[in-house]
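This one's a predicted model, so the numbers in the text were calculated from it and none came from an experiment. Just so it is clear: chains get the letters A, B, ... in the order the sequence lines come, proteins before strands, and each one is counted from 1.
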Amino acid sequence: MLGMYPTFYVPYIGSAWVMGIIGVIHVVASHTSVGASFLFAALETKAYRDDEPQIMVFIKRYGVFLLVFSYIIGSITGPGIWYAITVASPRGVSGLIHNFVWVWAAEWVFFTVEVIGVYALVYLIGKVDKLTHLKLTWSFALASWATMLLIVGILSFMMWPGSENWYQTGSTNDAFYNINFFAHLGVRTGSMFVMAAVVGFLVAAGIKDPDLKRSVVRIIAPIGLLGGFFSVMMFFYYLRTLPDNATVLLNSYLVPQYGKAMIFVFLATTAYLLFVWWKPQWLKLGIAVPMFLVISVLGVWPEERMRETMRKPYVAGQYIYSNQVLARDVPGKGIEGEVDKIAEKGLLQLHPFIPEQLRTITPENKLQVGEVLAKVACANCHALEPGAPLRNIPDKFHGATDEDLIAAFIGGPLKHGAIPYMPRIDLPQPEVDAIAAYIASVNQNRPKAAGDEEAGTPTALLEKKDN
Amino acid sequence: MDIGTVMNTMRDPAGIPAPVELFRILMIATWVFHIAFVVLALGAASLAIYAFWRREQSPYWTGISIAMTKVAKVSVSLLIVLGVAPLLFTQVIYDPQWYASNVLSARWAIAFIFTLIVAYCLWFAFYYGNKEVAKRHIGFYAVIALLLFLLDGLIMHVLSYQAILPGQWMGWYAPNGELDMSGAHLHAMQWPRYLFIISLSAPAVGFYLIAYDDYLKRRRDQNPDYLAFARRLGQRIAQYGLIVSLALFVWWQFDNPASTGLVWLPGGWAVAAALAVLLFEVTYFRDRLHGYLFLAGGMVMLLLLAIWREVIRVAYLAPFGYSVVDEKVNADWPSLALFFLTVAGIGGLVGGFYLTLLYRAGRVEGVYQADRTMSAMGTGAIVILGIWTGVFFLYGIAIWASNALTY
Ligand code: HEM
């Protein structure tokens, strides 16, 4: 038996997009809050040194805005991502928790301190002496950044440990300080300043006093620009730290799909920051709000989807496949791979959550079994409805209705793990046939739309750039 | 398949990185803080709403409403962060149960997040409108927010409760053999348990009001009559609330299946006894005891409850042959040291700095001037964070480099 869980299936967008959506909201909110904490520290230092108390008015406004925008939304979507991964990928999240529980717990300490800190920071402006408040703000900034330091190690381990060591030692050190940790940290640290600047402009746009507006904008804008520049440099370095499966996906799918949007966002953001730096008084809500939306949605969605996609076929550490199967042995933890066991006995026998009457395939239940198997083995990355946005399988087979052809793909490239970004799914022949029968029947029954492509060969899976 | 064997196989094959009892203690202890702020938030929110509708009758009600709105606002923030820790530790030792329960009600687990965001935003809308003069309709925001908070509590309860009913998982997942992967249902709830925990909101806000009086008494800009009003109100709410809680608790005691034998164990009755003691104190010593003592008493009661919940979980799971005691341990000392050093250094010094500053600043009128201790704490906070970050990088670079070389 395998330690698999029941499956949560979301039609059309898959649980992957549910996670993506929550993830984007969270990334925007959390990066803004960490970046903003440093802006506060920089601004308040200036207010303190040059005796410009009006800057504190801005900090207070931004702080109150952040409380709602970042802390409520950020602190709820944080556990939110967790819940979303939990239901989408229980063994993935479990693997992470069991490797990193103490790191997460340490992050939690910072997080708690941060939440208390943000209330203190906002409500104690003018209620405690200035130097004490300045200390509060700097410590708050450092504590906020620490939450990022700690989570990035976990996130970058999800991509891969980068060396064989972790598999042998099982040590959290080796998992956490993985090959792409520092690069990833750099990307996020740089981009948090961009986010904070863009959100800061939202707040600054509402300032009436022209002098205050200028002095605030002229501090924020260059910090945002520098952050953005740093982030881009680190991104190129980050690309060098990726595993092969990620590079393949990047070149064949992701760059064609998202490349232009990313260049556009980069140029637009740079232009925006430069422009506002030059003409602070032109900063109005009518510009600041749309720019915020464009940058956060067009900038963060591709970034999150890319990171998510590049990790394929794994969810964590290149040892847990997206479809919840353990991909390999990890001697350091006493973990054994499951792919070969499944090849021998089949999912129907080994998966604990299969109803008894579906464990043996009969002509009557074949399609039903095929559907269950497709949901268990494929649906973590693919929708099963034709036309659905999440790499839907019926379209990936170009509408094919030929069971043998579909079975040849499953029993060929998929069985041998020949596609770098898909798990090796090696199933006994009857299970392969059941899945093939199911996919063929979906295509048989699909609503015929004008311009539907001719049924093609499954090698199209390798070529179509619609990931 | 035998679900007990299944659960044992579902355990994460990586094992756990420290002795199981350590995680168990942390899980229980951190949940106490979560639930403390849950009940305080719910109690404060309910009272804020009630007082809001009575504001015409006396300015004191306006004061209470505004104050409780703030208390609820901050408490929700805290209950969220404080929920993260038990969430983490539960998943370490009860991973099969927690994940299965979540997946089986997956849409609700996700809805929990979105409803919580909506509820909290509504609460903020209420908070910004709830001033000396306020529009009446904002009261509805607050009511909706409170109902959503209660729904979120119900979802939490269901997830906890389903987790200890493994015998029914397959039936929920595949009713009549038809698989249902939609996660669209809440499958099981135990009303007395849920209602009992929620009912603790009354004593929570009651004790808070008593402590509120004791905290603000020293400030000359506070009206003593108002504070006395708040204290009396708190005493009444706590008193009646405790009677209700006690009744619900007894109901819960007898609602657990007889086969578990739980009703014969002393742990549950210890919770009841703690409730009774608190009731006795708030009835007979209401003015003689300091408000902070009631709060402390409340925390002791919650700790007993937290332990009792664990006893219940063990009792429900034991017949399936599942016990966390035989969990595989793959110890990882460096990351354990990271956590405990962070708790001591960052939690203690930085957190301590913030809390002390908030506490002291709240007790003076005008600007609070830091004394030498406070000033040293502030500097210490920055220094300790600098050291922490420095060590994080130096240590990390060393490991990273040695791994990169072998790559
Ligand atoms: C308004 C929001 C919330 C309310 C009203 C609430 C209420 C509750 C209640 C009543 C319980 C006890 C359930 C039972 O024992 O039957 C509980 C348990 C728990 N809550 Fe919350 N909660 C809320 C938000 C959160 C959040 C945001 C998190 C996580 C970040 C969280 C994490 C937990 C955990 C881990 C448990 C224990 C689960 C277990 O032991 O099985 N809660 N909560």
Side-chain angles (χ1 to χ4, degrees), chain A residues 1 3 5-9 18 68 72-73 75-76 79-80 83-84 86-87 90 94-95 97-99 101-106 108-113 115-117 120 124 127-129 132 135 138-139 142-143 149 162-163 165 170-174 177 179 333 335 352-353 355 357 372 375, chain B residues 1 6 9-10 12-14 16-17 77 80-81 84-85 88 91-92 95 99-100 102-104 106 109-110 113 116-117 120 124 173-174 177 179 181 183 330 332 334-336 338-339 342-343 346-347 350-351 354 357-358 361 367-370 378 381-382 385 392 396 399-400 403-404 406-407:
Chain A
M1 198 196 320
Y5 285 86
T7 302
F8 168 47
Y9 180 71
V18 174
V68 181
I72 298 188
I73 302 202
S75 68
I76 302 177
Y83 276 100
T86 295
V87 295
S94 175
I97 299 261
H98 287 83
N99 277 298
V101 50
W102 293 123
V103 178
W104 244 312
W108 168 75
V109 175
F110 277 105
F111 182 40
T112 310
V113 165
V115 168
I116 300 169
L124 294 182
K127 288 221 62 180
V128 297
D129 67 272
T132 305
K135 289 179 188 169
W138 270 106
S139 62
L142 289 171
L149 297 180
S163 83
N165 286 8
S171 149
T172 308
N173 280 338
D174 294 327
Y177 292 110
I179 200 84
K333 292 277 192 196
I335 296 173
F353 291 94
Q357 68 275 25
V372 172
K375 284 180 174 165
Chain B
M1 288 185 191
V6 170
T9 329
M10 284 160 81
D12 198 286
I16 58 174
S77 276
I80 294 169
V81 278
V84 171
L88 184 60
Q91 288 177 54
V92 175
D95 39 337
Y99 296 134
N102 272 262
V103 172
L104 291 170
I110 303 288
I113 298 305
L116 189 52
I117 292 179
Y120 205 9
F124 262 84
Y173 184 49
L179 275 176
M181 300 186 177
N330 268 326
D332 192 82
S335 66
L336 180 139
L338 166 77
F339 170 66
T342 305
V343 169
I346 307 299
V350 186
Y354 295 169
L357 191 60
L358 280 165
V367 176
Y368 168 77
Q369 192 66 41
I382 297 180
L385 280 159
F392 177 89
I399 292 165
W400 177 85
N403 277 337
T406 57
Y407 164 58

Walk me through it: do Tyr354(B) and Ser139(A) pass the test side-chain hydrogen bond (donor to acceptor under 3.5 Å, both in side chains)? CA-CA 10 Å; Tyr354(B) 295 169; Ser139(A) 62; 2.8 Å; yes

Kindly give the heavy-atom pair with the smallest separation between [X] and [Y], and that separation in Å.
{"X": "Leu124(A)", "Y": "Ala361(B)", "result": "CD2-CB, 3.7 Å"}
{"X": "Ile110(B)", "Y": "Ala84(A)", "result": "CD1-CA, 3.7 Å"}
{"X": "Asp129(A)", "Y": "Ala370(B)", "result": "OD1-N, 2.9 Å"}
{"X": "Ser335(B)", "Y": "Trp102(A)", "result": "O-CB, 3.1 Å"}
{"X": "Ala106(A)", "Y": "Phe339(B)", "result": "N-CD1, 3.6 Å"}
{"X": "Tyr177(A)", "Y": "Phe392(B)", "result": "OH-O, 2.9 Å"}

How about [X] and [Y]: do any of their side-chain heavy atoms sit closer than 4.5 Å?
{"X": "Pro355(A)", "Y": "Leu179(B)", "value": "yes"}
{"X": "Ile97(A)", "Y": "Val92(B)", "value": "yes"}
{"X": "Phe353(A)", "Y": "Met10(B)", "value": "yes"}
{"X": "Phe8(A)", "Y": "Val103(B)", "value": "yes"}
{"X": "Val128(A)", "Y": "Gln369(B)", "value": "no"}
{"X": "Val101(A)", "Y": "Pro17(B)", "value": "yes"}
{"X": "Ile179(A)", "Y": "Asn403(B)", "value": "no"}
{"X": "Asp332(B)", "Y": "Ser171(A)", "value": "yes"}

Highest number of heavy-atom pairs under 4.5 Å with chain A: which of [options]?
{"options": "Ala174(B), Ala109(B), Gly177(B)", "value": "Gly177(B)"}
{"options": "Val84(B), Leu88(B), Val6(B)", "value": "Leu88(B)"}
{"options": "Val343(B), Leu336(B), Val350(B), Leu338(B)", "value": "Leu336(B)"}
{"options": "Ala106(B), Gly378(B), Gly183(B)", "value": "Ala106(B)"}
{"options": "Asp12(B), Thr342(B), Asn330(B), Ile113(B)", "value": "Asp12(B)"}

To the nearest 0.5 Å, what is the distance between [atom1] ([X]) and [atom2] ([Y])?
{"X": "Met1(A)", "Y": "Thr9(B)", "atom1": "CE", "atom2": "OG1", "answer": "4.0 Å"}
{"X": "Ile382(B)", "Y": "Trp138(A)", "atom1": "CD1", "atom2": "CH2", "answer": "8.5 Å"}
{"X": "Asn99(A)", "Y": "Ile16(B)", "atom1": "CG", "atom2": "CD1", "answer": "13.0 Å"}
{"X": "Thr7(A)", "Y": "Tyr173(B)", "atom1": "OG1", "atom2": "OH", "answer": "4.0 Å"}
{"X": "Ile76(A)", "Y": "Ile117(B)", "atom1": "CD1", "atom2": "CD1", "answer": "5.0 Å"}

Heavy-atom pairs under 4.5 Å with chain B: which of [options] has the most?
{"options": "Val115(A), Ile73(A), Val18(A), Ile116(A)", "answer": "Ile116(A)"}
{"options": "Ile72(A), Asp174(A), Val68(A)", "answer": "Ile72(A)"}
{"options": "Leu149(A), Thr132(A), Leu142(A), Thr112(A)", "answer": "Leu149(A)"}
{"options": "Asn173(A), Ile335(A), Thr86(A)", "answer": "Asn173(A)"}

Does any backbone or side-chain atom of Val87(A) lie under 4.5 Å from a heavy atom of chain B? Answer side chain, backbone, both or neither.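 Interface part for Val87(A): both.
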
Checking heavy atoms, do the side chain of Trp108(A), its backbone, both or neither come under 4.5 Å from chain B?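 Contact with chain B involves the side chain of Trp108(A) alone.
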
Of all residues at least two apart in sequence or in a different chain, which pass the side-chain contact (heavy atoms from CB on, under 4.5 Å) check with Ser75(A)?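 Checked Ser75(A) against side-chain contact (heavy atoms from CB on, under 4.5 Å); matches are Phe111(A), Ile80(B).
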
Given that the side chain runs from C-beta out, which part of Ala14(B) has a heavy atom under 4.5 Å from chain A: side chain, backbone, both or neither?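 Looking at Ala14(B), backbone and side chain both touch chain A.
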
Does any backbone or side-chain atom of Leu104(B) lie under 4.5 Å from a heavy atom of chain A? Answer side chain, backbone, both or neither.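 For Leu104(B), the side chain is the part near chain A, not the backbone.
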
List for me each residue that meets salt bridge (charged side-chain N to carboxylate O under 4.0 Å, His left out) alongside Lys135(A), sequence neighbours excluded, and say none if there are none.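 With neighbours one apart ignored, the set is empty.
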
side-chain contact (heavy atoms from CB on, under 4.5 Å) between Tyr5(A) and Asn102(B), worked out: CA-CA 10 Å; Tyr5(A) 285 86; Asn102(B) 272 262; over 6 Å; no

